[in-house]
Number of protein chains: 2
Amino acid sequence: MSGLDRYSLILHLFSEARPVWSVTEMAEASGAPQSTAYRTVHELVRQGFLEPAADARYRLGAAFLEFDRLIRKTDPYLAAGTLLLNDVIAQARVPCLALLARLYTDRVMCVADCANAGAPVSSYERGRPMPLTRGATSKVVLAHLPARRLAKVLETEAPLADDMTLKAELRAIRKRGFCISRSEIDKDRVGIGAPIVVPEAGIVGSLSLVAFVKDLDEATERRLVLLTVSSASLLAESLLTTPQPTS
Amino acid sequence: MSGLDRYSLILHLFSEARPVWSVTEMAEASGAPQSTAYRTVHELVRQGFLEPAADARYRLGAAFLEFDRLIRKTDPYLAAGTLLLNDVIAQARVPCLALLARLYTDRVMCVADCANAGAPVSSYERGRPMPLTRGATSKVVLAHLPARRLAKVLETEAPLADDMTLKAELRAIRKRGFCISRSEIDKDRVGIGAPIVVPEAGIVGSLSLVAFVKDLDEATERRLVLLTVSSASLLAESLLTTPQPTS
DNA sequence: TTGACAATTCTCATTTTTTGAGAAAAGTAG
DNA sequence: CTACTTTTCTCAAAAAATGAGAATTGTCAA
């Protein structure tokens, strides 16, 4: 094992199911001897990536809160997007969840979320990677990727059942300018996604709404599509005029 | 340079003032040659700690969002505390900001924040380290630290003007069970802090309110102190009864 | 206090990785 | 295609990680 991987391996042991680890457990799980594990953990603690918890165990440390805050504070996409999500759910006038997502190397990641009263409970929230090829949020992102980049992103995915179907679907989405998915991830939910593409800022992302099928008659759906699409392009434009140096 | 420090050094170049860096800039700033810098950045990108941005520059990556989410999801202190903060500001009935903080090794860090309408604008928010020896939030934490741990924490601080004064103050706070600070960090603000101490979970933290001096007559202040103290002990108790294995 | 007992750090010869200058390659814009 | 920038690659020398066990520190209960 070498370089960063050594540390990354340890950090990735921590999960929802198992958020605290003793050094002995980490040593076993990572296949390293105790003394090495102690040394590695010590370094991670010194840098704030791990933190001693009770009973000689460790949990993830404060460094992640700090870096996360830094991202929240410095990313114009996030700053503008977070404000926008509030407006969007206020104007939706049906129970729904608004998500801001973005392509990070090879995954579509949710970077902000906002819900109004009665919104569908969802596991999608800031910091969750989205399924790459399912749901409006992701598809609308894939649809607006240059061919070369798309191919690279899809490499990481398990070979697709029908690559051509997806390609055609993405072409259709690009043409229409938005994507609607029905019960594609969660049953009885509709996802409406619109692209946010700002090459100048190196950003390809999406803004999407998740609502209940039962709340959407045809007129409402049309209204929400319009809301989503116009909000997304509003955000894209505002990023163009934002004084960059930044992400 | 060795081990984690090499990576940590690069990551800590990223700041509010300068959130994107080219490899050449990182090389210069860290004193490493280009080829080394490229290698290091490559590793950080591979693990998601950095992310290519426009113009051959880099920004902080998605890994921080993911680990931050993991912490939010798995830390019972945070989970219970975040809910509680909502109740607290609702019951405050004056414009104010509620903060949940915790001692992380050698810093008091804000881990959750919640504001009601008209609340003081503050730079304190999730992910911000608090000044160690000023303000109710921090003092109330220090006051409830075992002597040995306190000494260790204060080591990192620049030598204090008057160590004895602080010690006496902390003794007084411990006796009273809460701390009020007036215009100690921001002018015309009052901070009210109450300790949250759960040795079984390895947690020493605080719950605090920040309000405007002008909004607080004597009765209101007494009410808010009571609210803060009782909410804090409620949280401490709920953590005792929570099924641990966790932080 | 004192004595278990567990957790953590230290030591050091050996093995493995990192380093860095320059060359080569890949990517981009004109 | 061409010039340019960015990025990766190469390899011998230098530096750091490794790991078994010893030494130390910390904890808790009598």
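Throughout, a chain's letter reflects where its sequence line sits, starting with A, and its residues are numbered from 1.
Side-chain contact between A/M130 and A/L99 is present, with at least one heavy-atom pair separated by less than 4.5 Å.
Separating the NZ atom of A/K152 from the C1' atom of C/dA26 is a distance of 10 Å, rounded to the nearest angstrom. Rounded to a whole Å, the NE2 atom of B/H42 is 13 Å from the P atom of C/dG27. Rounded to an integer number of Å, the gap from CG of A/L4 to C1' of C/dT18 is 13 Å.
In this structure A/L13 satisfies the side-chain contact (heavy atoms from CB on, under 4.5 Å) test together with A/I10, A/W21, A/M26, A/A29, sequence neighbours excluded. Residues passing the side-chain contact (heavy atoms from CB on, under 4.5 Å) test with B/D5 are A/R46, A/Q47, B/M1, sequence neighbours excluded.
A/S138 places no side-chain N or O within 3.5 Å of a backbone atom of A/G135 that could act as its donor or acceptor partner.
Across all strands, B/R39 comes closer than 4.0 Å to base atoms (heavy-atom distances).
Of the two residues near DNA chain D, A/Y7 and B/V23, the one whose nearest nucleotide lies more 5' is B/V23. With the nearest nucleotide of DNA chain C identified for both A/D55 and A/S35, A/D55 has the one nearer the 5' end.
In the set D/dG19, D/dT8, C/dA7, D/dT8 carries the atom at the smallest distance from any side-chain atom of B/Y38. Of the candidates D/dA17, C/dA7, C/dT18, C/dA7 carries the atom nearest the A/A56 side chain, counting heavy atoms from C-beta on.
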